[in-house]
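First comes the structure, then the notes that go with it.
Every chain is numbered from 1, with letters handed out A, B, ... down the list of sequences.
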There are 2 protein chains.
Amino acid sequence: MSKTQDPSSPDLDATASALPLFAQIKSSLRQDILDKRLRAGQKLPSEAQMQLSFGVSRITVRQALNELQSEGLIETVNGKGSFVTRPADAPRLGMLAGFKESLRRSGRMASGRMLSVRTGPAPQRVARALDLPPHALVTITRAIFLADGVPTAFVKSYYEPTLGREILSERLATEDAMSVLEDELGFRLDQTKISATAVKCGWIRGFLLEVPADEPLLHMRFIPIDLTGLALMYSDVYFRPDRFSYRAMLRR
Amino acid sequence: MSKTQDPSSPDLDATASALPLFAQIKSSLRQDILDKRLRAGQKLPSEAQMQLSFGVSRITVRQALNELQSEGLIETVNGKGSFVTRPADAPRLGMLAGFKESLRRSGRMASGRMLSVRTGPAPQRVARALDLPPHALVTITRAIFLADGVPTAFVKSYYEPTLGREILSERLATEDAMSVLEDELGFRLDQTKISATAVKCGWIRGFLLEVPADEPLLHMRFIPIDLTGLALMYSDVYFRPDRFSYRAMLRR
DNA sequence: CAGTGGTCTAGACCACTCC
DNA sequence: GAGTGGTCTAGACCACTGT
């Protein structure tokens, strides 16, 4: 049995040169959460219990918990305890939420139509962004998103097909990629790289989005990144500007 | 039976302990910084001094300082003290930095040419965004930004003309609006509302940006917001997509 | 060296939640 | 009432910065 299931292992490093105690406790808990030894929604041991199991004072425990809280990994409720946050409960700023969720917030009906799902080699820029070897195989999806029944966005996404991420393809017709990553697969989005530019529609996208070929489209790229630094996907999105404009709030 | 001690704290609010002590200390210091009684770069009183002047324990002082630090208002240096951050030293993510600064980071020469500066009534959407009465007078600037000498962006900005913000117009030819707001005027940018869409260039902008009238442009809107919640400007920017694409990192 | 922030302890009382 | 987190105190020792 190499697996010890005790999430509160009192294995603090006593050597003077190591991290401060609270940092060791913090990273121990942090690892338990990221590795899902502590599941989303689960209650952490009480501060009193940690005081005993780690052999430190309560203030030291609290310092670790405070930092985890400000990182959004846990939340504490007076009189009840500390709990691992569910990824989707963490505040979503900007486009960390997805396209459909953001449409629904503005009161519009959002739906999607998957055009194709296939496996193929990653283009160079994708492999670089996802930190994969050149020509690694990825899952490639193409889809049309509709707002109130009108074609609004054309999306081409690349997923590294391990870690169960390929099951995305089954849900994408009804769900958001970002929402699925968070809610179903339990990834903890930390940040999203975005870029924006404009392109001429062209006749292929024009056909799909039902606009003339010389109309402008908003071209955005989204690369959501996990708390562990893992790039989860690479998504090129072409929006019809008459149907959708991207909004976000950038924080200091 | 209520705790009626602590009648002698000179600066703290004694009204029935509405806020915790550390929160009162925090907001007192915060106000001193925002009102510039404590200037950028200035050293705060030492923790020991605050312990005396506020009449609380050191941990309570430190709790206030910790939160101010995580908000980016102060920074503490071991062995020296705590200091009010200079706005420009606060980490700038996304487009909180400006266009020229971001161009220079990518190694390109950035310059600007002011086309016009005038005062006029704010369009409705601008007045609403800046929280001004309808038809309030604002300073309106139009400018062309060049990258490596090539016209790259056309910018139309609206500034509420009080608070010395109008001096912006003098510097905008060489400096960034966001940089001037932070470095020269000492505003503390907290967040920036952005939106992105695509438009056809049209012949006016086409003439200014030296592209054909049916080329697509990236249209972005920036509304930087102060730590006090004040909207500092309203800026419509039209980018040539062949010269510039907008990049940012959205954080949780 | 003295002054500063960084870490940590061993208590205490309170407000809140659940039983 | 028992258990929990929220706040606060009065110390202590350390590492770092300046002189």
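Remark: C1' of C:dA10 and CD of A:Gln63 are 16 Å apart, rounded to the nearest angstrom. In this structure, A:Phe54 places its CZ atom 17 Å from P of C:dA10, rounding to the nearest Å. For the pair A:Leu21 CG and D:dC14 P, the computed distance is 14 Å after rounding to whole Å. In this structure, CD1 of A:Ile59 is placed 14 Å from P of C:dA12, rounded to the nearest angstrom. Rounded to an integer number of Å, the gap from CZ of B:Phe83 to P of C:dG3 is 16 Å.
Using cut-offs of 30° and 60° for the angle between ring planes, the A:Phe222 and A:Phe239 rings count as perpendicular.
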Extract from the structure each pairing of a protein N or O with an N or O of nucleotides 2-6 of chain D at less than 3.5 Å, listing the distance.
from  : atom 1 : to      : atom 2 : distance (Å)
D:dG3 : N2     : A:Gly79 : O      : 3.2
D:dG5 : OP2    : A:Glu47 : N      : 2.9
D:dG5 : N7     : A:Arg58 : NH2    : 3.3
D:dG6 : OP1    : A:Thr76 : OG1    : 3.0
D:dG6 : OP2    : A:Arg62 : NH1    : 3.0
D:dG6 : OP2    : A:Arg62 : NH2    : 3.3
D:dG6 : N7     : A:Arg58 : NH2    : 2.8
D:dG6 : O6     : A:Arg58 : NH1    : 3.1

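A:Thr85 places a side-chain N or O within 3.5 Å of a backbone atom of A:Leu73 that can act as its donor or acceptor partner.
Of the candidates A:Lys26, A:Arg30, A:Arg62, A:Glu67 forms a salt bridge (Lys or Arg N to Asp or Glu O under 4.0 Å) with just one, namely A:Lys26. Tested against B:Leu250 for a side chain to side chain contact (heavy atoms under 4.5 Å, CB included), the candidates A:Leu189, A:Ile225, A:Asp190, A:Leu250 yield a single pass: A:Leu250.
A donor atom on one side chain and an acceptor atom on the other are found under 3.5 Å apart for A:Ser157 and A:Ser235.
Under the side-chain hydrogen bond (donor to acceptor under 3.5 Å, both in side chains) criterion, A:Asp226 pairs with A:Thr228, not counting sequence neighbours.
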